[in-house]
Amino acid sequence: MQVDALPLAMPHVAHFQRQGIEELYPPQAETVEAGICDGENVMAAIPTASGKTLIAQLAMLTADGPGLYIVPLRALATEKHATFSELPGVDVGIATGDYDSPAAELADHDIVVATSEKVDSAIRNGASWVDDIGCVVVDEVHLLGQADRGPTLEVTLAHLRRLTPGVQLVALSATVANADEIADWLGAKLVESDWRPVDLRTGVADSDAITYDDETSDPLGIDAAELPPDADLDTETTAQLVDDALADGGQSLAFVRSRREAESLAERLRGDADDTSDTTQADREAVADEIETLDGTVTGQRLADCVRDGVAFHHAGLRSGHRALVESAFRKRTLDAICATPTLAAGVNVPARRVVVRDQQRYTGSGTEWLPVLEIHQMCGRAGRPHLDPYGEAILVDTDDPEALAERYLGTDPEAVESKLASEAALRTHVLSIIASGFAETESGILDVLAATFYAHQTPVDDLAGIVAAVIEELIEMGLVVRDSGDNEPTDGNVLAATEIGATVSTQYITPETGVRIVEGLRTAGEMAEPTALTALEIICDTPDMHDTYLGNEERAAIYEYARQHADEFTTAMGDAEDFERWLEAVKTARILAEWSEGATIETLVERYRLGPGDLDSRIERADWLLSAADAVADVLGVSLPAISRVRTQL
DNA sequence: GCCAATATGATTTAGACAGCATGTC
DNA sequence: CTAAATCATATTGGC
């Protein structure tokens, strides 16, 4: 199927042709046959890099009304915003927590790219633009199965379909076992395909050889006797695989389990660096300089040093600026290899000739577990750059038992996507928001709303009745919801309403537990002689919405002492903390933020408290959000805590 | 008795979404 | 309750 045969405006056809797109890829053509240009709901479950973006564009450009493109990550929102903005005559907006384009009202744009939480939030707050949407594209729908964020996505989609009955839905997914079930839920035609624009060879390797799926093999020739005695065989094999690809003119991505190992593998690969052309070396120097300009942290310095030798590491402890520099340098072929934690597999588009997965297990809080097949496949899917590489290669390393590894991950179907909505934590949040935004006011009304979710499609929605009833009782007890009859009879005729606090919790997008913690904290603070910045920070750091900060054993004593010294500034007495260890972690986070607000530099804090620069950034960002939520709650309570706004301006 | 090799024990472990306000020159 | 790799310190062993 030719691009110029599509029902697109001439400038758009010309735009795609300029990009070298004349003929659609087979899966793309299938979505057209499924009616993607005619307003039909379509779900495409196809590999990474097989042209999902064009499918989305076809839908949004031909839809009757503005398009909404939902992504799971802010970095992806930025990336898609840039891509769509290249379309001639198309005005693209972006709506994420950290950035709203001016007038992020959908009505003012042809396309808005937003994160799922941002869309959920807009719906809760009654944004009017929702009614005008002509087409919703959901990227990475398989994330429906994530325990933490999946429920938000399915509830949001359920709301969207209810509020805008005729919208066209387009779902883009990785290959999963039950794509048909998701498509069915969305009333979409399913296009499923393994087709890729670049061939992908997959295989496993031990120190002797790579064994590909097609039963061919390539020798590696690592002589264990020649290695230094402390060398790790898996690591050496990985290094060899990267070096071989490089000798063949291809870039590599290497996936390992932890941040520390990503960094040490990068250091290891630096040693193999060979000479490059002067222009490439100049580019590397330029990128390294930029990295150093961003901050003077040890992590940044180490990264810059690696980049000078043509390798980089990549993980969530890096600041987003550093990550973006690494990604773009790799895309420009300035770098030979990136050693990464699994962040990179699900993030922005960073394809490479060869992908090496050294580690396939991950610590989960209760021992190590095998990574899901889906995740390994996403890493492998990064192999092969269309038009640049003749083929892609994905190699899993295990020097002990490569056959078992091949059996587990290669030629194996990914797991099915299962709804995680039936958890109390997820339902507390969403039941409250349904009540607060007036979508339902009785238990059965709530169940009606939830009947449109993926959970209800997989399981009779009545199965939720018990949990929903329990959750309503909890919300009442928490003071976020009331029954208007006043008697607390849980009969169905009773009308439910959010309290003023409950409504604030919902619009501020904090979890009910966080809301309650803030209310308690503010009440206690109100009785204190002199609440300080630390008081405000302790409140918001001791909530589930602030992420914990690892508290090492050695630090523990110091933080304990700090907590004792500042006991009169805290809203929790040391003996009263329900979970003392967690509370101490919260104190550590609060202390870091307090020092930050007093002018400590990122360089100092990162070394003093042993956290990544990116971790500090994310905590500051969260603190800003939670303090503003606390401000709003304080307003409702009628208490004033000037310390809140004071710290906020200093973050 | 000194230093190094080795054993034992302690420490550490992926990632990252969300608010928002009102008038102003 | 279920792990595994790395790092720090203690212990042993060779000379």
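Please read these numbers as outputs of a predicted model, since none were measured by experiment. Values below: all heavy atoms of this structure, side chains included; hydrogens, waters and symmetry mates excluded. Here is the naming used below: chain letters follow the sequence lines, and residue numbers restart at 1 for every chain.
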Original post:
Dot-bracket for DNA chain C, 5' to 3', with Watson-Crick and G-U pairs under 3.5 Å, [ ] for crossing pairs and | for other-strand pairs: what is it?
Top reply: ..|||||||||||||

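- A/Glu585 has its CD atom 13 Å from the C1' atom of B/dT12, to the nearest Å.
- When the salt bridge (charged side-chain N to carboxylate O under 4.0 Å, His left out) test is applied to A/Asp631, the partners found at least two apart in sequence or on another chain are A/Arg648.
- Taking atom CG of A/Asp359 as the reference point, atom C1' of B/dA14 lies 12 Å away to the nearest angstrom.
- Cation-pi geometry between A/Arg162 and A/Phe439 is met: the NZ or CZ atom falls under 6.0 Å from the ring centre, inside 45° of the normal.
- For A/Trp625 (side chain) and A/Gln508 (main-chain N/O), a donor-acceptor pair under 3.5 Å exists by modelled atom type.
- Annotation: side chain of A/Ser419 is not in contact with side chain of A/Thr453 (no heavy-atom distance under 4.5 Å).
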Short heteroatom pairs, N/O only, protein and nucleotides 6-10 of chain C, under 3.5 Å:
none

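- The CG-C1' distance, from A/Leu626 to B/dA16, rounds to 13 Å in whole Å.
- In this entry B/dA16 has no Watson-Crick or G-U wobble partner, no candidate having both defining distances under 3.5 Å.
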Using a cut-off of under 3.5 Å, enumerate the N/O to N/O pairs linking the protein to nucleotides 2-4 of chain C.
unit_1, atom_1, unit_2, atom_2, d
C/dA3, O4', A/Thr368, N, 3.0
C/dA3, O4', A/Thr368, OG1, 3.4

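- Between A/Ser618 and the phosphate of B/dG15, there is no side-chain N or O to OP1/OP2 separation shorter than 4.0 Å.
- Computed from coordinates, the A/Met546 CE to B/dA16 P distance equals 16 Å when rounded to whole Å.
- Using a 4.0 Å heavy-atom criterion, one finds that A/Arg619 contacts no nucleic acid atom at all.
- Counting to the nearest Å, the P atom of B/dT11 and the CD atom of A/Glu555 are 12 Å from each other.
- Residues passing the side chain to side chain donor-acceptor pair (under 3.5 Å) test with A/Glu418, sequence neighbours excluded: none.
- Taking the P atoms as reference points, C/dC7 lies 14 Å from B/dA14, given to the whole Å.
- By the salt bridge (charged side-chain N to carboxylate O under 4.0 Å, His left out) test, A/Arg259 is found to be paired with A/Asp615, residues two or more places apart in sequence or in another chain being considered.
- For the segment residues 315-323 of chain A, residues with any heavy atom less than 4.0 angstrom from an atom of DNA chain B are, sorted by number, A/His315, A/Ala316, A/Arg323.
- With hydrogens and angles ignored, the 3.5 Å screen pairs no side-chain donor or acceptor of A/Ser506 with any backbone N or O of A/Gly502.
- The nearest whole Å value for the distance from the CG atom in A/Leu76 to the P atom in B/dG15 is 15 Å.
- A cation-pi arrangement, defined by a distance under 6.0 Å to the six-membered ring centre and an angle within 45 degrees of its axis, is absent between A/Arg358 and A/Phe255.
- Under the salt bridge (charged side-chain N to carboxylate O under 4.0 Å, His left out) criterion, A/Asp635 pairs with no residue at all, not counting sequence neighbours.
- Judged as a side chain to side chain donor-acceptor pair (under 3.5 Å), and not counting sequence neighbours, the contacts of A/Ser121 are A/Asn125.
- Counting only distance, with no hydrogens or angles, the side chain of A/Glu154 and the backbone of A/Tyr455 share a donor-acceptor pair below 3.5 Å.
- Side-chain contact check for A/Thr511 and A/Asp545: at least one donor-acceptor pair (N or O, by modelled atom type) lies under 3.5 Å.
- Nucleotide B/dT22 is matched to nothing when pairs are restricted to Watson-Crick or G-U wobble geometry with both distances under 3.5 angstrom.
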**OP:** Mark up nucleotides 17-23 of chain B, 5' to 3', with B wherever a protein heavy atom is under 4.0 angstrom from a base atom, S wherever such an atom reaches only the sugar-phosphate, and - elsewhere.
**Re:** BBBS---

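- Between the CZ atom of A/Arg362 and the C1' atom of B/dT12 there is a distance of 16 Å, rounded to whole Å.
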Per-pair distances, 0.1 Å, donor-acceptor, side chain in residues 367-378 of chain A, under 3.5 Å, sequence neighbours excluded:
unit_1, atom_1, unit_2, atom_2, d
A/Glu375, OE1, A/Arg362, NH2, 3.3
A/Glu375, OE2, A/Arg362, NH2, 2.2
A/His377, NE2, A/Tyr409, O, 2.9

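- You'll find the side chain of A/Tyr550 stays beyond 4.5 Å of the side chain of A/Leu611, heavy atoms only.
- Sorted by first and then second residue, the side chain to side chain donor-acceptor pair (under 3.5 Å) pairs with a member in residues 67-80 of chain A read A/Thr53-A/Lys80, A/Tyr69-A/Asp139, A/Arg74-A/Glu621; sequence neighbours excluded.
- With A/Thr589 as the fixed residue, the side chain to side chain contact (heavy atoms under 4.5 Å, CB included) test singles out one of A/Leu593, A/Ile592, A/Val587: A/Leu593.
- At whole-Å resolution of the value, CG in A/Asp617 and P in B/dG15 are 14 Å apart.
- Counting any heavy atom pair closer than 4.0 Å across all strands shown, A/Gly552 reaches sugar-phosphate atoms only and no base atom.
- A donor-acceptor pair under 3.5 Å is absent between the side-chain atoms of A/His315 and the main chain of A/Thr341, judged by distance alone.
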